[in-house]
Amino acid sequence: MTRITVAKGDGIGPEIMDATLEIILAAGAKLEIDEIEVGEKVYLAGNTAESWEIIRRNKIFLKAPITTPQGGGYKSLNVTTRKFLGLYSNVRPCMSLHPFVSTKHPIMDIVIVRENEEDLYAGIEHQQTDEVVQCLKLISRPGCEKIVRYAFEYAKQQNRKKVTCFTKDNIMKQTDGLFHQVFDEIAKEYPEIENEHWIIDIGAAKMADTPEVFDVIVMPNLYGDVLSDVAAQITGSVGLAGSANIGEECSMFEAIHGSAPRRAGQNVANPSGLLQGAIMMLNHIGQTEIAEKVQNAWLKTLEDGIHTYDIYKEGTSSQKLGTKEFAKAVIENLGKKPSILKSVSYANNSALNLPKYKRKPAVKKELVGVDIFVQWNGSNPNELADKVKKIESNGIKLSMITNRGIKVWPDGFKETFCTDHWRCRFKPLENSEINKSNIIELLKNALNENIDSIKTENLYSFDGKAGYSLGQGQ
Ligand code: NAD
């Protein structure tokens, strides 16, 4: 018996959760259930302490979709849950069910392993000038190592042949560059599994066109969020895919789709996505036989043409059923196996046991310059350079100005469009050094010169290697 936490969520959530629980309990899942409310209402009331206590105590959380209140100030509860509980790995299998579910991609069986805690989802955003807002993209070595290792261990357990990495490291050389670098490092530990890297844009195009060339794909958070919806949708419906959010202590299982408020309360939603999440949960807690039984019954039901509206197609489907009736049909098929679709065997599908992250010894970190960002409403960068040069001191000189990343001084192009957000890079003259007091002095000088500094970013080298990007065009 495993004690789990269940939340029925918002929109179609309660209907698909009821259907899912009915199916897995009928299959013999040994569960003690603590139900909590985590939906929009509770969130808006700010009343969540007791729920957190239950989630953390039970460690296993089966969650229906919840509505994220729209508008300023509200953080997504899904993202918060994943991060509070350290659920670093988001596993999203997307498989075609051809010829029973209509799809342009009859041969497709991919698993997207999405980093779940960092990247642009750190949610650290600021308006810095009248015209410019910023979102910080944070990528960490532990984040990369944990997710990449998870992808390879998952591939090994599931007998998958290849792990592909998608990043945009041709542009984001530091952040996506680190993800790619860690991928290459960890791939070496798994010589029996093929590995490859694709730039995300062409990789995504290839995945949408010929998904059969991919197997497991690991990627940073934002790309994984977008592409797992694409992958699920091209198998036939976003309503078919489930996801496991795995952490070192806790884990959460859900559908990949949202609360579909327009479909709520009509008994039409497809419970399959949440059911897939529940099957991953049963595997995770070691109830693999039950998981296998439910999955085979589900495959048999789809193979029989028993479909909800989202995948119903004249000619392919035999019956269009509502949520409850679909669940009953799956229950009737418990113990049966599909005859054309491949039945599953989950004998070795328990939770992965990964080594804990070990911090590497610190390298030599040296301050080598500073970027001072300023708001300035002029348009000629040479004028700004003259103004900013006045704050130079102690041999620390203005070396470059960029506007939205592109170099505009020295030797900028008059065609470059400029906003009110400028980055002024200061570096010490050759053979001299820069320290933090020098930076404070630069800022004091800026204040005296009426220069509106909006933030600074220190430039470091790590073991002699620059830890910052050049200006574009530099
Ligand atoms: P959505 O996934 O809820 O729905 C988009 C459309 O997909 C629906 O209108 C429907 O046509 C179809 N669809 C989705 N699930 C289906 C199912 N089970 N059966 C049949 N059709 C289905 O996306 P959205 O409308 O962008 O988001 C609605 C709300 O859900 C938002 O508040 C969003 O923040 C939230 N959301 C929550 C989660 C989560 O809880 N994990 C994930 C994504 C979105």
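When a ligand or atom number is given, it counts from 1 through the structure's own listing order.
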Got a protein heavy atom sitting under 4.0 Å from [atom]?
| atom | result |
| --- | --- |
| atom 24 (P) of ligand 1 | no |
| atom 1 (P) of ligand 1 | yes |
| atom 6 (C) of ligand 1 | no |

Is Lys162 atom NZ crowded by more than 12 heavy atoms from other residues, nucleotides or ligands, each under 6.0 Å away? yes
Other residues, nucleotides, ligands: >12 heavy atoms within 6.0 Å of Glu32 CD: yes
Give me the nearest non-hydrogen protein atom to atom 38 (C) of ligand 1 as residue plus atom name, then the distance to 0.1 Å. Asn78 ND2, 3.4 Å
Heavy-atom nearest neighbour in the protein, as seen from atom 34 (O) of ligand 1, with distance rounded to 0.1 Å: Thr68 OG1, 3.2 Å
Give a yes or no answer on whether the side chain of Glu15 reaches the backbone of Ala269 with a donor-acceptor pair at less than 3.5 Å. no
Ignoring angles and geometry beyond distance, decide whether [X] reaches within less than 3.5 Å of ligand 1 through its nitrogen or oxygen atoms.
| X | value |
| --- | --- |
| Ala260 | yes |
| Gly258 | yes |
| Thr67 | no |
| Ile66 | yes |

Determine whether Arg149 and Glu189 make a side-chain contact, defined as any pair of heavy atoms from C-beta on separated by less than 4.5 Å. yes
Check whether any side-chain heavy atom of Trp52 sits under 4.5 Å from a side-chain heavy atom of Leu85, and report yes or no. yes
With a 4.0 Å heavy-atom cut-off (strictly under), which part of Val268 contacts ligand 1: side chain, backbone, both or neither? neither
Run the numbers on Phe179 and Tyr223 for ring pair (Phe, Tyr, Trp, His ring centres under 6.0 Å), then give the verdict. CA-CA 13 Å; Phe179 197 95; Tyr223 310 142; 8.5 Å; no
Less than 4.0 Å is my threshold; does some heavy atom of Ala269 fall inside it relative to ligand 1? yes
Does ligand 1 have an atom that lies less than 4.0 angstrom from a heavy atom of Ile16? no
Pair Asp371 + Arg423, salt bridge at N-O below 4.0 Å: yes
